[in-house]
Amino acid sequence: MEKIRVRFAPSPTGPLHIGGARSALFNYLFAKQHDGDLILRMEDTDLERSSKESEENIKDSLKWLGITWDEGIDVGGPHGPYRQTERLDIYQKAIDRLLQDGHAYYCYCSEEECEAERQALMAKGETPRYLGKCRQLTEEEKKQYEEEGRKPVIRFRVPENQMVKIDDLVRGEVTFETKEMGDFIIVKSDGIPTYNFAVVIDDAEMGITHVLRGEEHLSNTPRQILVYDALGLRKPKFAHISLILGKDRSKMSKRHGSTSVVAYKNQGYLPEALVNFLALLGWAPQGEEEIFSLEELIEKFSLERVSKSPAVFDMEKLKWINGHYIRNMPLEHLKEMAVPYLKEAGFLKENSIEEDSLADLVIDTLKNYLSCLGDIKEKIGLFKGTTVTFENDKAKNTLNQEHVPMVVNLFAQKILASEEIKPESVKAVLKNIRKETKLGGGQVFMPIRVALTGQMHGPDLDKLAAILGKDVIIARLKNSAEKIGFAIDF
RNA sequence: GGCCCGUUGGAGAAGCGGCUUAACUCACCAGCCUUUCACGCUGGCAUCCAGGGGUUCGAAUCCCCUACGGGUCACCA
């Protein structure tokens with residue numbers, strides 16, 4: 001069987017978008033599953049908006065997600081170069097042929113003229129399109145336009161009254177009529193080909209067998225098919241993936257939150273979580289399980305299970321998936337990733353041994369409460385400062401019970417007497433207090449928790465105390481006692 | 001405005017004419033576990049598949065119309 005060849009062909013006009021990342025992922029999964037190749041190509045024919053910076057961002061984001069390509073930018077291959085602006089001579093041959101065969105022609109109409117034509121058509125309730133004014137220009141007419149200083153574009157001559165059929169792998173058969181189309185531009189007046197043309201030449205020349213891309217390209221596809229046919233090129237199979245929408249069901253934009261992959265990276269989302277989430281957007285696994293590694297996705301992915309309807313980007317679910325990956329990640333690995341966030345939160349000053357073991361404890365404690373590593377900054381507030389603020393009256397009242405001063409004093413004395421404050425030692429202290437006072441768990445733990453944090457919930461007391469350390473524990477207990485107004489004896 | 005695509009619970013979705021009293025996951029609610037919270041576990045959460053017609057012995061599944069959402073019609077990709 002023929003080797004599957006797919007491509008991801010972004011235009012480097014901005015950071016890698018969530019939607020682009022999903023397209024890249026689906027292409028990657030499809031290719032790897034069939035032992036095929038993924039080609040990375042830059043569609044940089046928009047000279048104004050394309051930038052090297054964007055290209056770098058796209059490559060970095062893909063690598064971060066774990067999406068690698070077998071051929072293309074940076075890695076090379078037999079069909080290079082892989083930047084469209086470096087392939088101009090390749091396009092030129094096809095343009096010459098099209099011109100020669102009468103499938104294309106020079107058009108001298110200005111942008112303003114075309115715009116006016118579109119407006120007029122629109123006003124009549126018809127499809128705005130180019131009506132073909134320059135289709136049959138004589139040599140004299142051309143010469144005259146040239147003398148006027150007009151720079152021509154090259155348009156593709158769309159055959160009249162033809163049906164163009166697309167056999168889309170996810171949408172089924174979709175047909176378009178050429179009379180709705182109008183002759184489209186294949187070469188701009190600056191001599192650079194347009195997307196609809198270059199994409200065809202490249203996909204054909206690079207031997208692409210399957211084009212998986214966003215739904216926004218569906219109505220461009222008939223134009224491309226026309227070009228394939230005019231040139232006698234073999235058409236790839238097409239599969240158009242539905243769009244990703246924001247919470248309000250309109251196309252996902254900055255308005256809905258972050259749209260670039262880097263933004264999620266910076267917020268402390270894990271690449272495996274984002275990949276997992278993205279895969280679930282527009283594709284559904286067969287069984288009940290929804291947590292998959294890249295390898296598992298490669299195995300399970302199938303175009304038949306790609307949905308035709310648009311997917312809503314559900315931030316809650318992303319957070320859940322990310323939290324799941326955080327909780328299940330080996331501590332070593334997690335720590336490595338979390339250190340920058342701890343530093344940013346002002347918790348870790350430097351990487352001394354002592355602080356490192358503290359970092360272990362902090363991360364191990366906090367990991368159950370995080371949906372992304374960026375949350376560390378907020379959650380770590382619990383461990384900072386020597387004063388206590390009660391979250392509500394209920395919390396405050398737990399300290400107004402008769403036995404509380406005794407418990408708090410006892411706890412403080414035992415902590416002061418401890419050589420070192422470790423989870424195990426705190427646990428032992430707590431146990432002793434219960435034994436000595438003969439009080440129930442809730443009567444011991446809750447007052448201490450509130451006296452320490454002002455809150456009625458939070459991480460295990462032993463871990464919490466160990467992170468706080470002797471000085472902070474004592475300071476906070478004193479602060480609480482002061483606020484409630486009971487006597488201390490330590 | 002023309003053309004194209006879509007519409008199953010709050011969200012992602014399964015479903016492909018009878019096996020559906022519509023899987024599963026997130027969210028939400030209740031219970032259990034736990035010193036508390038979180039995690040985890042158990043259970044609940046659409047009398048119905050945008051609305052209306054039709055085809056059929058039988059429809060979420062096929063057809064038509066309407067409504068709504070989206071895409072596209074660029075010298076942007």
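Order of the sequence lines fixes the chain letters, A, B, ..., with proteins taken first and strands second; residue numbering starts at 1 for each chain.
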*May I have the distance from A:Lys427 (atom NZ) to B:rU36 (atom C1'), rounded to whole angstrom?*
14 Å
*Does A:Ser219 get its side chain close enough to the base of B:rC4, under 3.5 Å, for a donor-acceptor pair?*
no
_Closest listed nucleotide, where the reference is the side chain of A:Lys308 and the choices are B:rG6, B:rU25, B:rU72_ = B:rG6
*With a distance cut-off below 6.0 Å to the six-membered ring centre and an angular limit of 45° from the axis, does A:Arg155 pair with A:Tyr130 as a cation-pi contact?*
yes
*Taking only residues at least two apart or on different chains, which pairs with a member in residues 117-127 of chain A satisfy salt bridge (charged side-chain N to carboxylate O under 4.0 Å, His left out)?*
A:Glu115-A:Arg118, A:Lys124-A:Glu126, A:Glu126-A:Arg129
*Choosing from B:rA77, B:rA27, B:rU72, which nucleotide comes nearest the side chain of A:Asp46?*
B:rA77
_Tell me whether A:Lys237 is salt-bridged to A:Asp167, with the criterion being a basic N under 4.0 Å from an acidic carboxylate O._
no
*asked:* Between the base of B:rG6 and the side chain of A:Glu215, is one N or O donor paired with an acceptor at under 3.5 angstrom?
replied: no
*asked:* Check this one for me: any side-chain N or O of A:Arg223 less than 4.0 Å away from OP1 or OP2 of B:rU72?
replied: no
*hbond_proxy A:Asn220 side chain to B:rA77 base (donor-acceptor, 3.5 Å cutoff)*: yes
*Residue whose closest nucleotide on RNA chain B lies nearer the 5' end, A:Thr45 versus A:Glu288*: A:Glu288
*What nucleotide among B:rA14, B:rU35, B:rA77 has an atom nearest to a side-chain atom of A:His217?*
B:rA77
